[in-house]
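The next block holds one structure in the form of structure tokens; read it before the comments.
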Amino acid sequence: MKVIIAEKPSVAREIAKVFGATAKKDGYMEGKGYTFTWAFGHLLQLAPPQEYGFYGWNVQNLPMLPPKFKLSIRKVKTKDGIVEDPSVKKQLDTIKTLFDEATEIIVATDAGREGELIFRYIYYYLKCKKPFKRLWISSQTDEAIKEGFRNLKPGTDYDTLFNSAHCRSQSDWLVGMNATQALSISSGSRAVLSLGRVQTPTLAMICSRYLENKNFVPQLYYQVSIQVDKDGQVFRAISADSFKTKEEAQAVVDKVEDVPSGFPNGGHILSVEAKPRKEPPPLLHDLSSLQQEANKRKGFTADQTLGLLQTLYENKLVTYPRTGSRYIGDDVFATVPTLIDKFKEHPEFGKQATFLTGTKLNKRSVNAKKVTDHHAILPTGETPHQLSNDLQAVYDLVAARMLEAFHQECIKEITKITVQSGAIFTASGTVISSAGWRAVLNEPDEEKKDEENASLPKVQQDERLPIPEKSLLEKQTKPKPLYNEASLLKALETAGKEIEDEELRYAMKDSGLGTPATRASIIETLIKRDYIIREKKNLVPTQTGLGVYYVVKDQKIAQAELTGNWEKRLEEIRSGASVNEFQQEIKTYTRNITQELLLAGRNLMAKSKEGVNTPQIVAQKTA
DNA sequence: GCAAGGTC
């Protein structure tokens, strides 16, 4: 009997369906001489410190460098403390029984580093010795699955991929566990002060933005505004220059030839530029972009959105949610018209669904090469029944984005008028001439500047128009806003884009900090540690968070570059470079950072009070 | 008590 093991039940079901196997058993499916079983993500993890004899949190144990890492069953928190997850244990037993009976094992975990690790940890934990083959597909359509099975690879082809995955896992353990204990011990606080390759740079981003924002000194500046009258239709124009002093601006005001000063037609139209701008539809959603949109529109946290999506996924209403791709392949595209058809009766955007059924679909989101493990999030076409308000809201965001993504371009008419009257003034306005995809949610353009006119009257070059009013504007420069969940998610995705070292930047270009599946939990971790709090929609550091930030901010562990560096080395390992060399470097780094933190933590509480102009506005944890 | 990674 051949055993196929997938990363998760949904994939095992898809594959079983292609084979025509339908018999459902406990923890697997069966039919046509095959069994199809699954994991639930990582079933196994690197064993915690005590399993190597490092008991308690003790300086004597540091740095903890296990000679050989062990694996242990994933744990779960219950009222009796932390125990091995019973459902995981049971599934491992099922897998063991199937592997024991297997004549051949086919690995169908996701085609990537972590997918390889998920399988290998199971395989080695169960001490299985049977050879295995690898299914390597990037789309789960029937055709892709069939093609993948015609092209199974020897399992050993992916040994170096496993090496790189295992290195990633060990390195995160070594650096994270040791740095966390070192800082927690040396700070003398009873709380856990955790550090890690991803969470610490994330904390640093939040803290540094917070300090920049709070310490920002606004600069005053001045502009001049005039009203221009075209046959009773008045629009506003602003001086092209801005001025540091009120006097300079007032001098410009004085020169304006307005009606009250005795000039009936003091505004000279120097130029009128009108050009259409085409705005392509947005791409389909991946997890991160959906979390950002749900945060902006509905105020959901990243974690809430992920939870709601998971429920929709388990109810077969949306496709796999933890995807990092905003594209679909041609095979999935072929099903889109049927999907759109299902939304014709939708109260909010049924009209646009109907419109789309009779038009050519935009293919901007169709690109098989940009589909990685999973494609963009789509509704499945199943009819939802009695969703809660929150579930419905997320479901509607998915559905609406599908309609937008395949809709037509939005065409805007952008007009810029230049007026001379003592000085140069400009007025700009935007008019949507064809809504296209913007008709789906039918909402105003969020990026409209306050100075912009909704629409401008038709004026001609060289016209002379009256200026009924002029005024002096006092303005302030503004700081960068605090991070909220949406802007932080975006920043995590693009982290590393500004790294100077070209190789490191390249190594991080497709990853950023963390992964789509983990970013929500990173934010939750920082909150659990009392490093940050939610203040309205913003993410704001606490005294503790700032204290940790001051201790580590100039260290490697607080920089996105660390991930860039690891990614570069891990990729080299995947293509065959020595594992040992990187492991030695990590050990050395672990020793160093542990030593530094054992010393640095002593100053932590004192340091947390430096650096802010007005310390009292630093957020306090509310009981 | 601790990392980051995956998922129900």
Side-chain angles (χ1 to χ4, degrees), chain A residues 6-12 27 38-51 54-58 61-64 69 71 74-77 81-82 85-88 90-91 109-110 112-122 164-185 189-203 287 306-307 309-315 320-324 373-374 492 511 513-522 524-526 528-529 557 562-563 566-567 570 586 590 593-594 597:
Chain A
E7 182 155 324
K8 44 191 167 267
S10 63
V11 174
W38 52 78
F40 312 111
H42 278 296
L43 301 183
L44 298 155
Q45 57 190 63
L46 296 181
Q50 60 269 26
E51 295 199 27
F54 305 123
Y55 298 109
W57 289 40
N58 194 331
N61 288 335
L62 301 185
M64 303 175 287
F69 274 97
L71 295 172
R74 185 213 295 169
K75 311 290 192 294
V76 66
K77 256 189 188 153
I82 296 172
D85 187 329
S87 68
V88 167
K90 187 174 169 216
Q91 190 63 14
T109 48
D110 290 357
R113 198 163 72 196
E114 292 304 320
E116 191 64 27
L117 195 64
I118 285 169
F119 166 71
R120 297 277 184 137
Y121 275 180
I122 294 169
S164 82
H166 194 31
C167 268
R168 197 280 306 147
S169 177
Q170 294 174 33
S171 306
D172 276 324
W173 191 103
L174 287 169
V175 172
M177 295 289 190
N178 282 294
T180 297
Q181 287 200 15
L183 184 65
S184 303
I185 292 170
S189 92
R190 269 159 311 187
V192 173
L193 299 178
S194 64
L195 297 174
R197 171 180 57 87
V198 177
Q199 64 171 265
T200 305
T202 307
L203 174 65
L287 175 61
L306 178 54
L309 269 175
Q310 175 69 18
T311 304
L312 292 171
Y313 169 64
E314 284 166 18
N315 287 300
Y320 179 77
R322 290 176 216 82
T323 175
D373 287 0
H374 306 278
L492 289 176
S511 60
L513 269 178
T515 69
T518 59
R519 283 180 194 132
S521 71
I522 297 282
E524 297 304 316
T525 298
L526 294 177
K528 201 166 91 190
R529 300 271 178 267
I557 198 170
L562 183 64
T563 293
W566 287 19
E567 286 299 335
L570 293 170
I586 292 294
T590 301
I593 189 169
T594 305
L597 289 170

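Heavy atoms only: backbone and side chains are in, while hydrogens, waters and symmetry mates are out. Convention: sequence-line order gives letters A, B, ...; per-chain numbering from 1.
Looking at heavy-atom distances under 4.0 Å, A/L195 makes contact with sugar-phosphate atoms alone, never a base. Within 4.0 Å (heavy atoms only), A/Y121 reaches no atom of the nucleic acid at all. Using a 4.0 Å heavy-atom distance criterion, A/R197 is classed as a sugar-phosphate-only contact. Looking at heavy-atom distances under 4.0 Å, A/P9 makes contact with sugar-phosphate atoms alone, never a base. At the heavy-atom level, A/S194 lies under 4.0 Å from the strands shown only through sugar-phosphate atoms. No engagement by A/R519 is indicated, since no non-hydrogen atom pair under 4.0 Å with the nucleic acid exists. Within the 4.0 angstrom heavy-atom criterion, only backbone atoms of the sugar-phosphate kind lie near A/D110; the bases stay farther away. Residue A/Q50 is in base contact, counting any heavy-atom pair closer than 4.0 Å across all strands shown. A/G514 comes within 4.0 angstrom of sugar-phosphate atoms only, judged by non-hydrogen atoms across all strands, and of no base. Among the heavy atoms of the strands lying under 4.0 Å from A/V198 are primed sugar atoms or P, OP1, OP2 only; no base atom is included.
Of all nucleotides listed (B/dC8, B/dC2, B/dG5), B/dC2 comes nearest to the side chain of A/P48. Distances were taken from every side-chain heavy atom of A/E114 (C-beta onward) to each of B/dG5, B/dT7, B/dA3; the shortest belongs to B/dG5. Among B/dC2, B/dT7, B/dG5, the nucleotide with an atom closest to any side-chain atom of A/V192 is B/dC2.
With hydrogens and angles disregarded, a donor-acceptor distance shorter than 3.5 Å links the side chain of A/S521 to the backbone of A/T518. Looking only at distances, no side-chain donor or acceptor of A/D172 sits under 3.5 Å from a matching main-chain atom of A/G196.
Taking atom CG on A/L44 and atom P on B/dA3, their separation rounds to 19 Å, with Å as the unit. Between the CG atom of A/N178 and the P atom of B/dA4 there is a distance of 13 Å, given to the nearest Å. As rounded to whole Å, 14 Å separates atom C1' of B/dT7 from atom CG of A/L117. The CD atom of A/Q45 sits 14 Å away from the P atom of B/dG5 (whole-angstrom rounding). Atom CD of A/E524 is separated from atom C1' of B/dA3 by 17 Å (rounded to the nearest Å). When rounded to the nearest whole Å, the span between CD of A/E7 and C1' of B/dT7 equals 8 Å. In this structure, CG of A/L174 is placed 13 Å from C1' of B/dC2, rounded to the nearest angstrom. Rounded to whole Å, atom P of B/dC8 lies 7 Å from atom OH of A/Y320.
Taking the nucleotide of DNA chain B with the nearest heavy atom to each of A/S521 and A/A191, the more 5' of the two is matched to A/A191. Residue whose closest nucleotide on DNA chain B sits further toward the 5' end, between A/W173 and A/P516: A/W173.
The side-chain heavy atoms of A/M64 and A/T594, taken from C-beta on, include no pair separated by under 4.5 Å. Annotation: side chain of A/Y121 is not in contact with side chain of A/Q45 (no heavy-atom distance under 4.5 Å). Within the 4.5 Å cutoff, the side chain of A/S169 has heavy atoms near those of the A/L117 side chain. Counting heavy atoms from C-beta on, the side chains of A/P49 and A/W173 come closer than 4.5 Å.
The phosphate of B/dC2 (OP1 or OP2) has no side-chain N or O of A/R190 nearer than 4.0 angstrom. Taking 4.0 angstrom as the limit, A/R529 places a side-chain polar atom (N or O) nearer than this to OP1 or OP2 of B/dA3. Between B/dA4 and A/S169, no contact under 4.0 Å exists linking OP1 or OP2 to a side-chain N or O. Between A/Q199 and B/dA4 there is a side-chain N or O to OP1 or OP2 distance below 4.0 Å.
Residue side chain A/Q181 reaches the base of B/dC2 through a donor-acceptor N/O pair under 3.5 Å, judged by distance alone.
Counted by atom type alone, A/S511 and A/E567 present zero donor-acceptor pairs between their side chains at under 3.5 Å.
Between A/W57 and B/dG1, a base-stacking contact is recorded: ring centres under 5.5 Å apart, planes less than 30° from parallel.
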